[in-house]
Amino acid sequence: MTELTHLDGDGRARMIDVGQKAETTRVAVARGQFVTTAEVIALIRAEGLPKADVLATARIAGISGAKKTSELIPLCHQVALSSVTVDFELGEDSIEIEAVAHARGQTGVEMEALTAVTLAGLTLHDMVKAVDPAAMLTEVRLEQKSGGKRGNWQRSIWQRSTGHADAAGAAVSTHTRALAGRTARVIVASTRGAAGEREDTAGPVIAGWLRQHRYDTAAVSVVADADIAGALTEAVDAQPSVIITTGGTGVSPTDATPEATADLLDRELPGLAEALRRRGADSTPMAALSRGLAGTAGRTVVINLPGSPGGVRDGLDVLNEVLDHLVDQVSGSARHEEPAHNDSADDDPAYEEPARD
């Protein structure tokens, strides 16, 4: 697209008519950086500033700002947000702000996510100005979005494809540059979730966990069980470091995630899949019914997690110990010495890998 959509044929500002557009699940992730001093960061950590709980107040401001975006920006549509999250990562002398906005509708939620970051950052400034009046809010940017006819957009991929990576990279924070080396996709297989009949809670948990582990993670994709094969194929074609799916691993007639995954894997990792089931069995015997797979497709690690929130938490506990090393091995960047094992199946004398055809 080369036209400015908010201008009519005479160059006058207009509000776009979205009445004929299809409703889809929309997700947008925005980030920004609040730069201050090490002394202020220490005070925030110790809750030692005179104005209440700094981060909690900024979080509420960001969420409230997202909900009022159409009142603040003249040409924005009113959007029925299903959720907004605002999170902070404290550095040595800065705070990374991330906002994720979700909605199901006819227009995107990029401006809501950006407004949430901006209002959270301005509130941080108001909270610390007595101590550091020179604090700055900077690098506010859209990182990724999904939904609508254009599907997924991700800043890091766009930078590479357009040749803007170096110029844009000079402006982004150290935190964002650290993410650039590893990318991830999260796919939720849920027919009801894709239809907007239930809110997905597992996908955002996985995406948040991946970002905490420095993976540049695209917006969560929620697809019907019948569409999981196409979503997985598209994700593998993008060649991320990791793809984690949730849902569709059981034995109901519509559960098809393992079959779709098996068609794409070059090599399976049965030990990892069994470790995920064993960890789940500590919480519920139903974990034994999961048919989830783990393996590699080229240099992408693909892992199926169950659809339940508890199953996702158990699975992430396992991946917390092994995923980074696994990604390093698959990408060819791991050191050649044998990794130290800790409480793994390989160290269990009673463990035998199941026979395979």
Side-chain angles (χ1 to χ4, degrees), residues 27-74 76 79 81 83-103 109-145 155-156 159 167-180 204-205 207-217 219:
V27 182
V29 180
R31 295 192 183 116
Q33 190 176 51
F34 182 74
V35 181
T36 180
T37 66
E39 290 76 15
V40 168
I41 297 297
L43 287 170
I44 291 174
R45 291 184 188 275
E47 298 184 3
L49 285 166
K51 286 192 175 182
D53 186 333
V54 172
L55 297 183
T57 305
R59 179 177 290 110
I60 293 170
I63 294 171
S64 297
K67 293 163 65 176
K68 293 181 177 294
T69 298
S70 64
E71 300 175 28
L72 299 170
I73 302 177
C76 279
V79 177
L81 292 166
S83 71
V84 179
T85 60
V86 178
D87 293 303
F88 306 96
E89 180 174 335
L90 274 63
E92 182 179 346
D93 57 3
S94 64
I95 301 173
E96 191 80 14
I97 309 167
E98 180 183 88
V100 183
H102 292 253
V109 289
E110 299 96 312
M111 297 312 302
E112 283 71 16
L114 288 163
T115 301
V117 169
T118 302
L119 267 293
L122 291 175
T123 302
L124 287 175
H125 197 292
D126 181 52
M127 302 288 279
V128 310
K129 65 185 180 184
V131 180
D132 179 19
M136 296 185 298
L137 174 62
T138 184
E139 301 174 19
V140 177
R141 73 261 181 205
L142 179 68
E143 287 289 351
Q144 50 203 273
K145 67 185 182 75
R155 173 175 293 276
S156 59
Q159 288 173 345
V172 300
S173 65
T174 303
H175 172 68
T176 301
R177 287 195 293 270
L179 292 172
V205 169
W209 181 89
L210 284 163
R211 293 185 188 111
Q212 289 174 358
H213 285 72
R214 300 297 189 271
Y215 288 85
D216 194 350
T217 306

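These numbers come from a predicted model, not from an experiment.
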What I'd like to find out is whether the side chain of [X] reaches to under 4.5 Å of the side chain of [Y], using heavy atoms alone.
X	Y	result
Lys67	Leu81	yes
Glu96	Asp87	no
Thr37	Asp93	no
Ile44	Leu55	yes

- Message: Rounded to the nearest 0.5 Å, what separates atom OG1 in Thr123 from atom CZ in Phe34?
- Response: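 The CZ atom of Phe34 is 10.0 Å from OG1 of Thr123, to the nearest 0.5 Å.
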- Query: Could you state the interatomic distance from CE (Met127) to CG (Leu43), rounded to the nearest 0.5 Å?
  - Reply: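 Going from the CE atom of Met127 to the CG atom of Leu43 covers 12.0 Å.
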- Message: As a quick check of understanding, evaluate side-chain contact (heavy atoms from CB on, under 4.5 Å) for Ile97 and Leu137, giving each step before the final call.
- Response: CA-CA 10 Å; Ile97 309 167; Leu137 174 62; 4.1 Å; yes
- Thr36: side chain to side chain donor-acceptor pair (under 3.5 Å) partners, not counting sequence neighbours: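 Asp132.
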Any idea which heavy atoms bring [X] and [Y] closest together, and the distance?
X	Y	result
Cys76	Thr69	SG-CG2, 4.1 Å
Gly91	Ile41	O-CG2, 3.4 Å
Pro74	Leu72	CD-O, 3.9 Å
Val27	His102	CG2-ND1, 3.5 Å

- Message: Has Ser94 got a side-chain atom pairing as donor or acceptor with Leu90's backbone, closer than 3.5 angstrom?
- Response: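 No, Ser94 side chain to Leu90 backbone: no donor-acceptor pair under 3.5 Å.
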- Donor-acceptor contact present, side-chain His125 to main-chain Gly121, <3.5 Å: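 Not a single qualifying donor-acceptor pair exists.
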- Message: Can you list everything that forms a salt bridge (charged side-chain N to carboxylate O under 4.0 Å, His left out) with Glu98? Sequence neighbours excluded, please.
- Response: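 Salt bridge (charged side-chain N to carboxylate O under 4.0 Å, His left out) list for Glu98, sorted by chain: Arg31, Arg211.
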Side-chain donor-acceptor distances from residues 111-119 under 3.5 Å, at least two apart:
residue : atom : partner : partner atom : Å
Thr115  : OG1  : Met111  : O            : 2.6
Thr118  : OG1  : Leu114  : O            : 2.9

- Message: Please determine whether a side-chain nitrogen of the Lys or Arg among Arg214 and Glu89 lies less than 4.0 Å from a carboxylate oxygen of the Asp or Glu.
- Response: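 Judged by the 4.0 Å cut-off on N to carboxylate O distance, Arg214 and Glu89 do form a salt bridge.
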